[in-house]
Chemist: 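Here it is, the structure, as structure tokens.
Computed from heavy atoms alone, side chains included, the values below leave out hydrogens, waters and symmetry copies. Residues take their numbers from the sequence shown, with the count starting at 1.
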Amino acid sequence: MGGDPETEPMNIPLPGDRPAEQAIHRMIRVDHAGEYGAARIYAGQLAVLRNSRKADLLRQMRDQEQVHLDTFNAMIADRRVRPTALLPFWHLAGFALGAATAALGERAAMACTVAVEETIDAHYTTQIDRLAPSEAPLRDTLEKFRAEELKHRDVALANDARLAPGYRALTAAIRAGCRLAIRLSERL
């Protein structure tokens, strides 16, 4: 109280604004779906590349994605968030994307990681910017996960992702698919 109304943000919802809790539920729902999909992508890649030179690297990234997924599983339960109805689809689609890119070779698998992680970076950044101060623990989690996703991207780039056949087209298609998955998982 006693603050300057010209400089303090207004917490009065505008017509068309979503209630704060509903917006948080959508964030958790989509982030849970994204981490679920990422875990499935690595499962598909490892099904194809389990004996390759990149298998240990893929396992490390998969294990970190599993920690992210476990965190969102707990948030889903703690905050009583309805998961996306599309989880069965992401189960298959994530595995298929991972297996298909791995079948194109290690570099294509790494290109997939670049595309997914760059999309997630932008997504998490937008969410972080929208969170109220009261959601500091969620913000901290998203910032930590965002940094880890960027490390995955950097590892993939260091492992010849850009040398994948059709790198630009492949990553553009995967990014578009990720953005669509985000929009659908928020709503359904």
Side-chain angles (χ1 to χ4, degrees), residues 18 22-49 54 57-58 61-62 64-66 68-69 71-72 76 81-131 141-143 145-188:
R18 288 182 177 57
Q22 184 181 1
I24 297 299
H25 280 210
R26 284 174 69 130
M27 282 183 186
I28 293 170
R29 177 180 304 111
V30 70
D31 294 348
H32 173 261
E35 296 299 348
Y36 183 81
R40 294 300 297 157
I41 290 168
Y42 285 115
Q45 289 178 340
L46 283 164
V48 175
L49 298 173
K54 304 294 185 211
L57 180 63
L58 292 170
M61 291 190 286
R62 177 207 56 201
Q64 200 162 39
E65 297 295 352
Q66 187 61 51
H68 297 180
L69 177 57
T71 300
F72 282 109
I76 288 269
V81 175
R82 176 189 55 79
T84 179
L86 297 171
L87 279 183
F89 180 75
W90 300 146
H91 183 83
L92 297 173
F95 189 91
L97 176 60
T101 56
L104 294 172
E106 293 174 351
R107 292 173 173 164
M110 293 294 126
C112 178
T113 295
V114 169
V116 170
E117 302 303 17
E118 286 180 349
T119 304
I120 297 309
D121 168 42
H123 173 70
Y124 277 165
T125 298
T126 299
Q127 287 185 330
I128 290 164
D129 291 344
R130 291 180 179 165
L131 284 171
T141 297
L142 294 179
E143 287 174 347
F145 289 178
R146 179 182 166 267
E148 291 170 353
E149 305 295 8
L150 288 173
K151 285 181 186 174
H152 294 173
R153 180 212 51 204
D154 293 345
V155 165
L157 289 169
N159 281 274
D160 298 329
R162 286 190 183 106
L163 299 178
Y167 174 78
R168 286 181 190 250
L170 178 63
T171 55
I174 293 169
R175 279 187 199 101
C178 288
R179 287 190 299 270
L180 177 61
I182 288 167
R183 284 193 298 277
L184 292 173
S185 292
E186 282 176 331
R187 289 160 179 78
L188 303 174

Chemist: When the side chains of residues 159-166 are checked against the rest of the protein, which donor-acceptor pairs come out under 3.5 Å, sequence neighbours left out?
Modeler:
| from | atom 1 | to | atom 2 | distance (Å) |
| --- | --- | --- | --- | --- |
| N159 | OD1 | K54 | NZ | 2.8 |
| N159 | ND2 | V155 | O | 2.8 |

Chemist: Which residue pairs satisfy the side chain to side chain donor-acceptor pair (under 3.5 Å) criterion with at least one member in residues 92-102, sequence neighbours excluded?
Modeler: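 Every side chain to side chain donor-acceptor pair (under 3.5 Å) pair that includes a residue of residues 92-102, provided the two are not neighbours, is Q45-T101.
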
Chemist: With sequence neighbours left out, what residues match E106 under salt bridge (Lys or Arg N to Asp or Glu O under 4.0 Å)?
Modeler: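 With sequence neighbours excluded, E106 shows a salt bridge (Lys or Arg N to Asp or Glu O under 4.0 Å) to R53, given in chain and number order.
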
Chemist: Between T119 and V116, does a side chain to side chain contact (heavy atoms under 4.5 Å, CB included) hold up when you go through it step by step?
Modeler: CA-CA 5 Å; T119 304; V116 170; 5.9 Å; no

Chemist: So, for A102 and A109, which heavy atoms are closest and what is the spacing to 0.1 Å?
Modeler: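 Taking every non-hydrogen atom into account, CA-CB, 4.2 Å.
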
Chemist: I would like to know whether C112 and L97 meet side chain to side chain contact (heavy atoms under 4.5 Å, CB included); could you show each step before the answer?
Modeler: CA-CA 8 Å; C112 178; L97 176 60; 4.0 Å; yes

Chemist: With D121, which residues qualify under salt bridge (Lys or Arg N to Asp or Glu O under 4.0 Å), at least two apart?
Modeler: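 R146.
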
Chemist: Side chains of L69 and H32: does their closest heavy-atom pair fall under 4.5 Å?
Modeler: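 Answer yes - side chains close enough.
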
Chemist: Dump the intermediate steps for side chain to side chain contact (heavy atoms under 4.5 Å, CB included) on M110 and L58, then the final yes or no.
Modeler: CA-CA 9 Å; M110 293 294 126; L58 292 170; 3.7 Å; yes

Chemist: Could you tell me the separation between the CD1 atom of I182 and the CD1 atom of I120, rounded to the nearest 0.5 Å?
Modeler: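 That separation rounds to 4.5 Å.
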
Chemist: Please identify each residue that fulfils side-chain contact (heavy atoms from CB on, under 4.5 Å) with R62, with sequence neighbours left out.
Modeler: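 Scan of R62 (side-chain contact (heavy atoms from CB on, under 4.5 Å), adjacent residues dropped) gives Y42, L46, R59.
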
Chemist: Suppose we screen for side-chain contact (heavy atoms from CB on, under 4.5 Å). Which residues come up paired with A93, at least two apart in sequence or across chains?
Modeler: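 Partners of A93 by the side-chain contact (heavy atoms from CB on, under 4.5 Å) criterion, ordered by chain and then number, come out as F89, W90.
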
Chemist: Measure the spacing between CZ of R107 and CG of L170 and express it to the nearest 0.5 Å.
Modeler: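 R107 CZ to L170 CG: 13.5 Å, rounded to 0.5 Å.
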
Chemist: For H68, which residues count as a ring-ring contact (aromatic ring centres under 6.0 Å, His included) partner, sequence neighbours excluded?
Modeler: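 For H68 the ring-ring contact (aromatic ring centres under 6.0 Å, His included) partners, ignoring immediate neighbours, are F145.
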
Chemist: Residues two or more places apart in sequence or in another chain: which of them pass side-chain contact (heavy atoms from CB on, under 4.5 Å) with T171?
Modeler: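 With neighbours one apart ignored, the set is A111, A115, Y167, R175.
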
Chemist: Go through the structure and list residues passing side-chain contact (heavy atoms from CB on, under 4.5 Å) with Q127, not counting sequence neighbours.
Modeler: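 Checked Q127 against side-chain contact (heavy atoms from CB on, under 4.5 Å); matches are M27, V30, D31, H123, Y124, L142.
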
Chemist: Return the set of residues passing salt bridge (Lys or Arg N to Asp or Glu O under 4.0 Å) with R179 (not counting sequence neighbours), or none when no residue passes.
Modeler: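 Here no residue qualifies.
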
Chemist: Do side-chain atoms of R29 reach the backbone of R82 as a donor and acceptor pair under 3.5 angstrom?
Modeler: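 Checked: pair present.
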
Chemist: In chain order, what residues pass the salt bridge (Lys or Arg N to Asp or Glu O under 4.0 Å) check against E143, with sequence neighbours excluded?
Modeler: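 With neighbours one apart ignored, the set is empty.
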
Chemist: Report the distance from atom OG1 of T71 to atom CD1 of I76, rounding to the nearest 0.5 Å.
Modeler: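 Between T71 OG1 and I76 CD1, I get 12.0 Å after rounding to 0.5 Å.
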
Chemist: Report the residues that fulfil side chain to side chain donor-acceptor pair (under 3.5 Å) with R40, sequence neighbours left out, ordered by chain and then residue number.
Modeler: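 With neighbours one apart ignored, the set is H91.
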
